[in-house]
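Just so you know, these numbers use all the heavy atoms, side chains as well, and skip hydrogens, waters and symmetry mates. For reference, positions follow the sequence shown, starting with 1.
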Amino acid sequence: MEPITWHDFEKVELRAGTILEVADFPEARKPAYMVKVDFGEYGIKWSSAQITKHYTKDELLGRQIIGVINFPKKQIATFMSEFLVTGMADENGDIVLTTIDKPVPNGNKLI
């Protein structure tokens, strides 16, 4: 593991956002949803998320997540992803979302 400085960590814009909409993404190579997230003053952004194993679309609506919002946009199949949904792999490699257990304002930075 390569150590980083506090300054390096501060460059990563890990922000709270609320999921507003979830859609199927059949064009993705691996099963995924397209999620629309409100990041407050940073705007509403879309991303692709490989989270179909643990979550239904209905379970995701209104949930606060943590996203990296300062990566460049990335083309995924027919879709342009505007941020990175964060999560961790379980014992099978399926993604479990990084979530927030008490409500915070959308756009708040992880510190």
Problem set entry | Inter- and intrachain pairs under side chain to side chain donor-acceptor pair (under 3.5 Å), touching residues 29-43, at least two apart | Arg15-Tyr42

Problem set entry | Counterpart residues, side-chain contact (heavy atoms from CB on, under 4.5 Å), relative to Lys74 (two or more places apart) | Ile76

Problem set entry | Thr18: partners by side chain to side chain donor-acceptor pair (under 3.5 Å), with sequence neighbours left out | Asn106

Seminar exercise, completed: Grouping ILVMFWY residues whenever side-chain heavy atoms fall under 4.5 Å, the cluster of Leu20 otherwise contains Ile44

Exercise. Can you name the residues that form a ring-ring contact (aromatic ring centres under 6.0 Å, His included) with Tyr55, not counting sequence neighbours?
Worked result: none

For this session: Could I get the full list of side chain to side chain donor-acceptor pair (under 3.5 Å) partners for Thr52, not counting sequence neighbours?
Result: none

For this session: Would you mind listing the cluster partners of Met1? Hydrophobic ones only (ILVMFWY), side-chain contacts under 4.5 Å, chaining allowed.
Result: none

Exercise. Does the ring centre of Phe25 sit less than 6.0 Å away from the ring centre of Phe79?
Worked result: yes

Seminar exercise, completed: Glu82 meets the side-chain contact (heavy atoms from CB on, under 4.5 Å) criterion, sequence neighbours left out, with Lys45, Trp46, Lys73

For this session: Say whether Leu61 and Phe83 are linked into one hydrophobic cluster, either directly or through other cluster members, by side-chain heavy-atom distances under 4.5 angstrom.
Result: yes

Exercise. Taking only residues two or more places apart in sequence, or in another chain, which ones meet Ala23 in a side-chain contact (heavy atoms from CB on, under 4.5 Å)?
Worked result: Met34

Seminar exercise, completed: Taken in chain and number order and not counting sequence neighbours, the residues that satisfy side chain to side chain donor-acceptor pair (under 3.5 Å) with Asp24 are Lys57

For this session: Ignoring hydrogens and angles, tell me if any N or O in the side chain of Lys11 forms a donor-acceptor pair with the backbone of Trp6 under 3.5 Å.
Result: no

Exercise. Does the pair Ile19 and Ile65 meet the rule for a side chain to side chain contact (heavy atoms under 4.5 Å, CB included), with working shown?
Worked result: CA-CA 7 Å; Ile19 297 175; Ile65 63 167; 3.8 Å; yes

Problem set entry | Leu60 side chain near Ile51 side chain, heavy-atom distance below 4.5 Å | yes

Seminar exercise, completed: Residue pairs meeting salt bridge (Lys or Arg N to Asp or Glu O under 4.0 Å), one or both in residues 83-107, sequence neighbours left out, come to none

Seminar exercise, completed: Hits for side-chain contact (heavy atoms from CB on, under 4.5 Å) against Leu14, two or more places apart or cross-chain, chain-then-number order -> Phe9, Val12, Ile66, Val68, Thr86, Leu110

Exercise. Under the 3.5 angstrom rule, does the side chain of Ser47 hit a backbone N or O of Ser81 as a donor-acceptor pair?
Worked result: no

For this session: Assess whether side chain to side chain contact (heavy atoms under 4.5 Å, CB included) is satisfied between Val104 and Gln64, documenting all intermediate values.
Result: CA-CA 8 Å; Val104 297; Gln64 276 197 306; 3.9 Å; yes

For this session: Would you check, one step at a time, whether the test side chain to side chain contact (heavy atoms under 4.5 Å, CB included) holds for Arg63 with Leu97?
Result: CA-CA 10 Å; Arg63 185 181 291 236; Leu97 285 172; 4.1 Å; yes

For this session: Looking only at non-hydrogen atoms, find the nearest pair between Ala49 and Val85 and report the distance.
Result: CB-CG2, 4.0 Å

For this session: Please name the pair of heavy atoms, one in Ile100 and one in Ala16, separated by the smallest distance, quoted to 0.1 Å.
Result: CD1-CB, 3.5 Å

